[in-house]
Amino acid sequence: MMDSKIKKPLVLSVLFFLPVLFLLFLYPSKHNYNTLDIVKSNLPELRNFLTEDGSNVSLENHLTVLGFLGEDPLKDATPALNLKELVYDKFLGFKRFQVVILLPETAKLRAQELQKELSTFEPLKYWTFAFGSVDDIKEVYTNLKSSKALRSDLSSNEVFIIDKEKHQRGRLDDRTKAQKEENFPMYGMTSYNVLEVSELKNKMSEDIRILFTEYRQKRKGNFSSTTRRADDILNNEIN
């Protein structure tokens with residue numbers, strides 16, 4: 001009788017704790033990520049660009065999405081709309097996050113119209129239009145690593161992720177698991193096409209999340225460049 005009284009709670013305890021132990025073993029393997037690669041180091045600061053009100057813009061100490069919308073940013077608003085809805089709106093609550101769009105001086109009026117369209121429901125607090133000379137825009141683009149050339153009207157469908165240390169981030173190896181298993185030649189991703197919705201939603205959003213997680217780990221003092229356990233960064237702002 002005594003044995004049965006002891007066995008019952010023991011069995012119940014085992015049944016309770018086994019699933020917990022199982023989940024603890026699985027947890028690290030489910031939340032691993034590889035740090036986002038540096039594809040180009042030490043980019044120059046945006047020294048020759050000013051906002052409409054004459055303020056300076058800076059890459060340093062910001063996680064920046066950098067884009068180029070050309071001489072007439074309203075000619076086709078799709079790139080800007082995609083970038084806002086699929087990337088900007090997801091990360092606007094994170095400190096030090098910004099979208100910077102470089103435009104020539106002649107595009108100021110059209111940029112104002114585009115800004116009104118984009119800020120219909122809320123102001124673009126973390127979105128900046130910065131203006132500079134044609135040569136300065138070309139120089140910035142040339143300094144970036146990209147397989148696509150800047151168009152003659154100074155526009156591009158490609159946007160770039162720049163970290164707080166002014167390094168361009170991306171993927172040195174963007175092959176799928178199946179491609180790796182088949183020894184498919186390696187290719188990377190250094191920029192993101194704003195016309196490709198799936199690319200913005202899946203790859204770019206994920207890469208920005210990874211970079212925010214990296215900075216959060218650095219702030220906590222337990223970051224290393226090896227694969228690490230990722231936290232749910234959506235509930236944690238980066239200083």
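Bear in mind the structure is a predicted one, so any value in this text is a computation, not a measurement.
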Measuring from T190:OG1 to E158:CD, what's the distance to the nearest 0.5 Å?
7.5 Å
Cation-pi check, K218 to Y215: give yes when NZ or CZ is under 6.0 Å from the six-membered ring centre and within 45° of the ring axis, no otherwise.
yes
Value rounded to 0.5 Å, distance of CG in L43 from CD1 in I162:
5.0 Å
List in chain and number order the residues that pass side-chain contact (heavy atoms from CB on, under 4.5 Å) with S152, two or more places apart in sequence or in another chain; answer none if no residue qualifies.
none
Between N157 and R151, the two heavy atoms sitting closest are ND2-NH2, 2.7 Å
Check for me, please, whether L86 and V99 land in the same ILVMFWY cluster - side-chain distances under 4.5 Å, paths through other members count.
yes
Any chance you could measure K177, atom NZ, to Q179, atom CD, to the nearest 0.5 Å?
13.5 Å
Under a single-linkage rule joining Ile, Leu, Val, Met, Phe, Trp and Tyr whose side-chain heavy atoms are separated by less than 4.5 Å, which residues share a cluster with F184?
Y187
Counterpart residues, salt bridge (Lys or Arg N to Asp or Glu O under 4.0 Å), relative to K40 (two or more places apart):
none
Do I208 and V100 belong to the same hydrophobic cluster, where Ile, Leu, Val, Met, Phe, Trp and Tyr are linked whenever their side-chain heavy atoms lie under 4.5 Å apart, directly or via other members?
no
Could I get the full list of side-chain contact (heavy atoms from CB on, under 4.5 Å) partners for E182, not counting sequence neighbours?
none
Point-to-point distance, once rounded to the nearest 0.5 Å, from CD of Q112 to CZ of F129
10.0 Å
Could you tell me whether the side chain of R96 reaches within less than 4.5 Å of the side chain of K164, counting heavy atoms only?
yes
side-chain hydrogen bond (donor to acceptor under 3.5 Å, both in side chains) partners of D173, counting only residues at least two apart:
R175
Hey, are the side chains of V65 and Q98 touching, using non-hydrogen atoms and a 4.5 Å cut-off?
no
For the student: nearest non-hydrogen atoms of A111 and L103, plus distance
CB-CD1, 3.6 Å
Closest approach of D153 and S155, non-hydrogen atoms and distance?
OD1-OG, 2.6 Å
What residues, two or more places apart in sequence or in another chain, satisfy side-chain hydrogen bond (donor to acceptor under 3.5 Å, both in side chains) together with K166?
none
Locate the shortest heavy-atom distance separating G170 from L36; write the atom from each residue and the value.
O-CD1, 3.2 Å
Are there over 12 heavy-atom neighbours, none belonging to K201, within less than 6.0 Å of that residue's NZ?
no
Mind running side-chain contact (heavy atoms from CB on, under 4.5 Å) on V39 and R169 for me, showing each step along the way?
CA-CA 5 Å; V39 297; R169 297 293 194 108; 5.9 Å; no
Would a 4.5 Å heavy-atom cut-off, applied to side chains only, mark L102 and L46 as touching?
yes
Quick one: do D89 and K84 satisfy salt bridge (Lys or Arg N to Asp or Glu O under 4.0 Å)? Show the steps, please.
CA-CA 6 Å; D89 286 349; K84 180 185 181 298; 3.1 Å; yes
Atom pair CD (E165) and CG (L63), whose distance is rounded to the nearest 0.5 Å
9.5 Å
With sequence neighbours left out, the residues meeting side-chain contact (heavy atoms from CB on, under 4.5 Å) with S41 are I38, H167
Please report the closest heavy-atom contact between N202 and E206, naming both atoms and the distance.
O-CB, 3.0 Å
Checking E60 side chain against E45 main chain: does a donor-acceptor pair fall under 3.5 Å?
no
Could you list the donor-acceptor pairs under 3.5 angstrom formed between side-chain atoms of residues 66-81 and any protein atom two or more places apart in sequence or on another chain?
residue : atom : partner : partner atom : Å
D72     : OD1  : L74     : N            : 3.3
D72     : OD1  : K75     : N            : 3.4
D72     : OD1  : R110    : NE           : 2.8
D72     : OD1  : R110    : NH2          : 3.3
D76     : OD1  : T78     : N            : 3.1
D76     : OD1  : T78     : OG1          : 2.9

I'd like to check P104 versus I137 (side-chain heavy atoms, cut-off strictly below 4.5 Å). Are they in contact?
yes
Please identify each residue that fulfils side-chain hydrogen bond (donor to acceptor under 3.5 Å, both in side chains) with R171, with sequence neighbours left out.
D174, D207
Please give me the minimum heavy-atom distance between F131 and E52, naming the atom from each residue.
CE1-N, 4.0 Å
May I ask you to test the K203-M189 pair for a side-chain heavy-atom distance under 4.5 Å?
yes
Without placing hydrogens or testing angles, list every side-chain donor-acceptor pair under 3.5 Å for residues 193-200, not counting sequence neighbours.
residue : atom : partner : partner atom : Å
N193    : OD1  : L195    : N            : 2.8
E199    : OE2  : N193    : N            : 2.7

Over 12 foreign heavy atoms within 6.0 Å of NZ, K145
no
Once side chain to side chain donor-acceptor pair (under 3.5 Å) is applied, what residue pairs with a partner in residues 114-134 remain, sequence neighbours excluded?
S133-D136
Got Q168 and L144 here, is their nearest side-chain heavy-atom distance under 4.5 Å?
yes
Drop me the distance from K95's NZ to N61's CG, to the nearest 0.5 angstrom.
14.5 Å
Test of understanding: with side-chain hydrogen bond (donor to acceptor under 3.5 Å, both in side chains), list the residues that count as partners of E139, not counting sequence neighbours.
none
For F94 and F212: C-alpha separation, side-chain torsions, deciding distance, then whether ring-ring contact (aromatic ring centres under 6.0 Å, His included) applies.
CA-CA 9 Å; F94 289 84; F212 270 121; 4.5 Å; yes
Would you call S191 and V159 a side-chain contact if the rule is heavy atoms closer than 4.5 Å?
no
Answer whether the closest heavy-atom distance between the side chains of L124 and Y88 falls below 4.5 Å.
yes
Are V57 and I101 linked, directly or through intermediate hydrophobic residues, by side-chain heavy-atom contacts shorter than 4.5 Å (ILVMFWY only)?
no
Would you call the rings of Y141 and F160 parallel, tilted or perpendicular if under 30° counts as parallel and over 60° as perpendicular?
perpendicular
